There are 2 protein chains.
Amino acid sequence: MKVLSKSSEYGLRALLYLVGNSSGQEYVSIRELSEQLDISFHFLTKILQSLTHAEILISYRGPNGGIAFKIPPEKIMLSDVVRVLEGDDFFNTCLLGLPGCGAQAPCPMHQFWKEIRGALKQEFENTSLASMGHTALLSSLRLGP
Amino acid sequence: MKVLSKSSEYGLRALLYLVGNSSGQEYVSIRELSEQLDISFHFLTKILQSLTHAEILISYRGPNGGIAFKIPPEKIMLSDVVRVLEGDDFFNTCLLGLPGCGAQAPCPMHQFWKEIRGALKQEFENTSLASMGHTALLSSLRLGP
DNA sequence: CGGTTTTAGGAGTATTTTGTCTTAAATTAA
DNA sequence: TTAATTTAAGACAAAATACTCCTAAAACCG
């Protein structure tokens with residue numbers, strides 16, 4: 001079950017690394033992130049760029065530059081991140097992919113799926129980056145040993 | 001949020017159509033399914049083939065041939081279909097896509113995600129095709145008006 | 001100022017997923 | 001037996017996703 005695109009996976013891993021490995025307001029370079037997490041530097045740059053545009057991160061160029069949280073990670077919910085990286089209707093899709101599906105023309109799975117995705121939405125909206133990342137060891141965010 | 005591949009979407013739509021539009025043991029042709037549901041005939045053929053291999057459907061060639069349920073749809077759970085079309089570890093993936101993630105080396109989201117996907121698994125395992133399809137009008141399974 | 005470090009942005013490439021086409025095999029009916 | 005109908009199977013093509021590379025712009029340091 002793949003609910004997130006690679007962009008979201010990488011973005012979340014980077015943010016969780018930030019939570020665990022930056023003490024407050026100093027910038028962490030994207031190069032460090034990409035190397036520690038084994039993610040393509042250029043690809044990660046673009047992902048973090050959109051989080052910067054969305055005002056979840058701030059970036060700074062030049063030596064000792066990088067990215068940092070603009071908002072404290074206690075106030076950033078998983079749903080915020082996912083909505084930026086996956087699109088605004090992330091929690092509003094039809095299980096069967098039918099474009100017309102909705103309250104007034106429901107597919108056979110509509111009610112079933114609506115309840116599940118509603119619960120899932122709530123979980124994502126009630127869970128902060130900080131609560132997921134505060135104990136995150138680097139090793140748990142990497143691929144191999 | 002796209003949890004299912006196109007193959008699963010199409011496969012489920014075809015099965016739900018079968019539930020609503022076939023009276024028991026007669027074969028429904030894939031041509032009819034593909035035309036009624038606006039799904040590519042050859043693509044759908046391959047999807048239904050794998051459901052036939054998995055013994056959810058039976059197929060018959062020649063005039064008046066087609067596919068039919070091998071098991072009554074009351075006994076086919078959504079999870080059965082999805083496991084065939086998405087793979088056996090569908091309900092066992094890491095949210096962050098980390099290959100090593102598991103009980104003994106959990107990623108920061110492991111516990112969080114394990115609970116959500118466990119609930120989702122239960123819903124899929126407790127819901128039959130029949131219960132979703134018994135009132136399915138054709139129009140609710142099609143794309144446009 | 002000139003060189004170095006770092007993010008920004010866009011064009012281009014590779015890989016995966018999705019969809020098409022062609023031929024074969026099974027079944028029926030005339 | 002011949003023709004028609006239907007699923008089976010595999011090669012091929014298009015589209016979407018994931019990734020790479022190059023150049024620019026900002027910030028710093030000597």
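All values derive from a computational prediction rather than experimental measurement. Naming convention: chains lettered A, B, ... in sequence-line order (proteins, then strands); numbering from 1 in each chain. Hydrogens, waters and symmetry mates play no part in the numbers below; they use all other heavy atoms, side chains included.
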Peer 1: CG of B:L48 versus P of D:dA9: gap in Å, rounded?
Peer 2: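 B:L48 atom CG is separated from D:dA9 atom P by 13 Å.
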Peer 1: Does the side chain of B:E32 pick up a donor-acceptor pair with the side chain of B:Y27 at under 3.5 Å?
Peer 2: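 Judged by distance alone, the side chains do not pair up.
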Peer 1: State whether B:Y10 places a side-chain N or O below 4.0 Å from either non-bridging phosphate oxygen (OP1 or OP2) of C:dG19.
Peer 2: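 Result: yes.
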Peer 1: Can you check whether any acceptor in the base of D:dT20 is under 3.5 Å from a donor in the side chain of A:K46, or vice versa?
Peer 2: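 Checked by distance alone, the answer is yes.
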Peer 1: Between N or O atoms, less than 3.5 Å apart, protein on one side and nucleotides 28-30 of chain D on the other: list the pairs.
Peer 2:
from	atom 1	to	atom 2	distance (Å)
D:dC28	OP1	A:Y60	OH	3.4

Peer 1: Identify which nucleotide among C:dT6, D:dT20, D:dC19 has an atom closest to any side-chain atom of A:S29, counting heavy atoms from C-beta outward.
Peer 2: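 Side chain of A:S29 sits closest to C:dT6.
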Peer 1: Could you point out which residue of B:I47, B:L57, B:L33 forms a side-chain contact (heavy atoms from CB on, under 4.5 Å) with B:L15?
Peer 2: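 Testing B:L15 for a side-chain contact (heavy atoms from CB on, under 4.5 Å) against B:I47, B:L57, B:L33 leaves exactly one candidate, B:L57.
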Peer 1: Round to a whole Å and report the spacing from NZ of B:K2 to P of D:dA15.
Peer 2: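 Nearest whole value for this atom pair: 17 Å.
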Peer 1: B:S40 side chain N/O closer than 4.0 Å to the phosphate oxygens (OP1, OP2) of C:dT20?
Peer 2: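 For C:dT20, OP1 or OP2 has a side-chain N or O of B:S40 closer than 4.0 Å.
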Peer 1: Return the value, rounded to whole Å, for the distance between atom CZ of B:F41 and atom P of C:dT22.
Peer 2: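 The answer, rounded to whole Å, is 14 Å.
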Peer 1: Quick one: label B:S7 by what it contacts on the DNA or RNA (base, sugar-phosphate, nothing), any heavy atom closer than 4.0 Å.
Peer 2: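 Here B:S7 touches no strand at all.
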Peer 1: Think A:Q49 has a side-chain N or O under 4.0 angstrom from the OP1 or OP2 of C:dT7?
Peer 2: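 Looking at the OP1 and OP2 atoms of C:dT7, neither is under 4.0 Å from any side-chain N or O of A:Q49.
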Peer 1: Using a 3.5 Å distance criterion without hydrogens, assess whether the side chain of A:R13 forms a donor-acceptor pair with backbone atoms of A:L37.
Peer 2: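 Checked: pair present.
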Peer 1: Taking atom types as modelled, is there a side-chain donor on B:E86 or B:S8 under 3.5 Å from an acceptor on the other?
Peer 2: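 Yes, because at least one side-chain N or O of B:E86 sits under 3.5 Å from a partner of the opposite role on B:S8.
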Peer 1: Just one of B:L120, B:I116, B:L95 clears the side-chain contact (heavy atoms from CB on, under 4.5 Å) bar with A:V3, so which one?
Peer 2: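 Filter result, single survivor: B:L95.
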Peer 1: I need the full list of side chain to side chain donor-acceptor pair (under 3.5 Å) pairs touching residues 95-112 of chain A, with sequence neighbours left out, sorted by first then second residue.
Peer 2: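 Of all non-adjacent pairs touching residues 95-112 of chain A, those that pass side chain to side chain donor-acceptor pair (under 3.5 Å) are A:Q111-A:E115.
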Peer 1: Can you check the A:L44 CG to C:dT6 P distance for me, whole Å?
Peer 2: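 One finds 15 Å between P of C:dT6 and CG of A:L44, rounded.
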Peer 1: Picking from D:dA9, C:dT7, D:dT6, which would you name as closest to the side chain of A:S59?
Peer 2: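 The nucleotide sitting nearest to the side chain is C:dT7.
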Peer 1: Between D:dA14 atom C1' and B:F43 atom CZ, what is the distance in whole Å?
Peer 2: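 In whole Å, D:dA14 C1' lies 13 Å from B:F43 CZ.
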Peer 1: Do you know which two heavy atoms are closest between B:D80 and B:K75, and how far apart they sit?
Peer 2: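 The answer is OD2-O, 3.9 Å.
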Peer 1: Provide, to the nearest angstrom, the distance between the OH atom belonging to A:Y27 and the C1' atom belonging to C:dT6.
Peer 2: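 Roughly 12 Å, once rounded to whole Å.
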Peer 1: Rounding to a whole Å, what distance do you find between B:R31:CZ and D:dT5:P?
Peer 2: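 So the CZ-P distance, B:R31 to D:dT5, works out to 11 Å.
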Peer 1: Distance check: side-chain N/O of A:H42 vs OP1/OP2 of C:dT6, anything under 4.0 Å?
Peer 2: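 No, A:H42 has no side-chain N/O under 4.0 Å of OP1/OP2 on C:dT6.
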Peer 1: Just the rounded figure in Å: distance from P of C:dA8 to CD1 of A:I58.
Peer 2: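 Rounded to the whole Å, the gap is 11 Å.
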